[in-house]
Asks: 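Okay, here's the structure, questions in a sec.
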Amino acid sequence: MGYDKTMDCLVSSACAEREAALRLCEASEEFVRVVSGGCCRVVPAPLAYDLLGELKVAFVHLAGVVRCLPDGLRSSLADSRLVVYDQDPWTGEQRDPVRQVELACEHMREVLNYLSAAVEAAEDAQVALNSQGYRGVQ
């Protein structure tokens with residue numbers, strides 16, 4: 001694959017990934033608007049249970065994305081088709097790209113820990129609500 005095709009592929013892939021991330025952000029913004037602006041801000045337990053379940057699934061999928069990023073970053077450093085550089089945005093000094101990737105990977109491990117804790121907490125919240133129902137007052 002030539003340089004132009006490699007760059008076209010990378011640009012195309014990056015565009016698709018950014019577009020998917022943007023859709024995720026827009027969907028989450030809509031989700032919070034709908035939940036926070038609902039009818040009198042009343043969220044009965046069965047609905048909260050369902051919403052927590054969807055959040056739990058979203059957290060699992062987000063963790064899947066975060067798990068893929070370190071390998072992709074490390075691969076970019078080793079790919080002979082790319083020249084990777086790193087420059088401090090404030091000082092303009094050159095930085096070691098390998099060190100910066102490893103630093104980012106350390107932070108991503110922390111993100112995975114938080115997402116795992118979020119999945120567990122959502123599950124615990126669902127368990128707390130799993131027998132609750134409601135009916136209208138006659």
Asks: Thinking salt bridges, do Glu26 and Arg33 make one under a 4.0 Å N-O criterion?
Replies: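 Salt bridge: no.
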Asks: Would you compute the distance between atom CD of Glu30 and atom SG of Cys25 and round it to the nearest 0.5 angstrom?
Replies: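 Between Glu30 CD and Cys25 SG, I get 14.0 Å after rounding to 0.5 Å.
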Asks: Quick one: pull up CZ in Arg18 and OG in Ser13 and give me the separation to the nearest 0.5 Å.
Replies: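 If we round to the nearest 0.5 Å, Arg18:CZ and Ser13:OG are 9.5 Å apart.
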Asks: Rounded to the nearest 0.5 Å, how far does CD of Glu120 lie from OG of Ser116?
Replies: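 These two atoms lie 4.5 Å from each other.
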Asks: Indicate if Leu103 and Val101 have the same hydrophobic cluster label, given that clusters are the connected sets of ILVMFWY residues with side-chain heavy-atom separations under 4.5 angstrom.
Replies: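 Per the 4.5 Å side-chain linkage, Leu103 and Val101 are not co-clustered.
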Asks: With rounding to the nearest 0.5 angstrom, report the CZ to CG distance, Arg95 to Asp88.
Replies: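 If I round to the nearest 0.5 Å, the distance is 5.0 Å.
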Asks: Evaluate whether atom OH of Tyr114 has more than 12 neighbouring non-hydrogen atoms of other residues, nucleotides or ligands under 6.0 angstrom away.
Replies: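 Result for OH/Tyr114: open.
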Asks: Hey, any chance Tyr49 and Leu51 share a hydrophobic cluster, counting ILVMFWY side chains that come within less than 4.5 Å of each other, even indirectly?
Replies: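 Different clusters.
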Asks: Taking distance alone, no hydrogens or angles, what donor-acceptor pairs closer than 3.5 Å link side-chain atoms of residues 53-78 to residues at least two apart or in another chain?
Replies:
residue	atom	partner	partner atom	Å
Lys56	NZ	Glu123	OE1	2.4
Lys56	NZ	Gln126	OE1	2.7
Arg74	NE	Glu102	OE2	2.9
Arg74	NH2	Glu102	OE1	3.1
Ser75	OG	Asp71	O	2.9
Ser76	OG	Leu73	O	2.6

Asks: Nearest 0.5 angstrom please: Leu129 CG to Asp124 CG, how far?
Replies: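 These two atoms lie 11.0 Å from each other.
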Asks: Check Arg41 against Ser36 and note the closest heavy-atom contact, atom names and distance.
Replies: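 For Arg41 and Ser36, the tightest heavy-atom pair comes out as NE-O, 2.8 Å.
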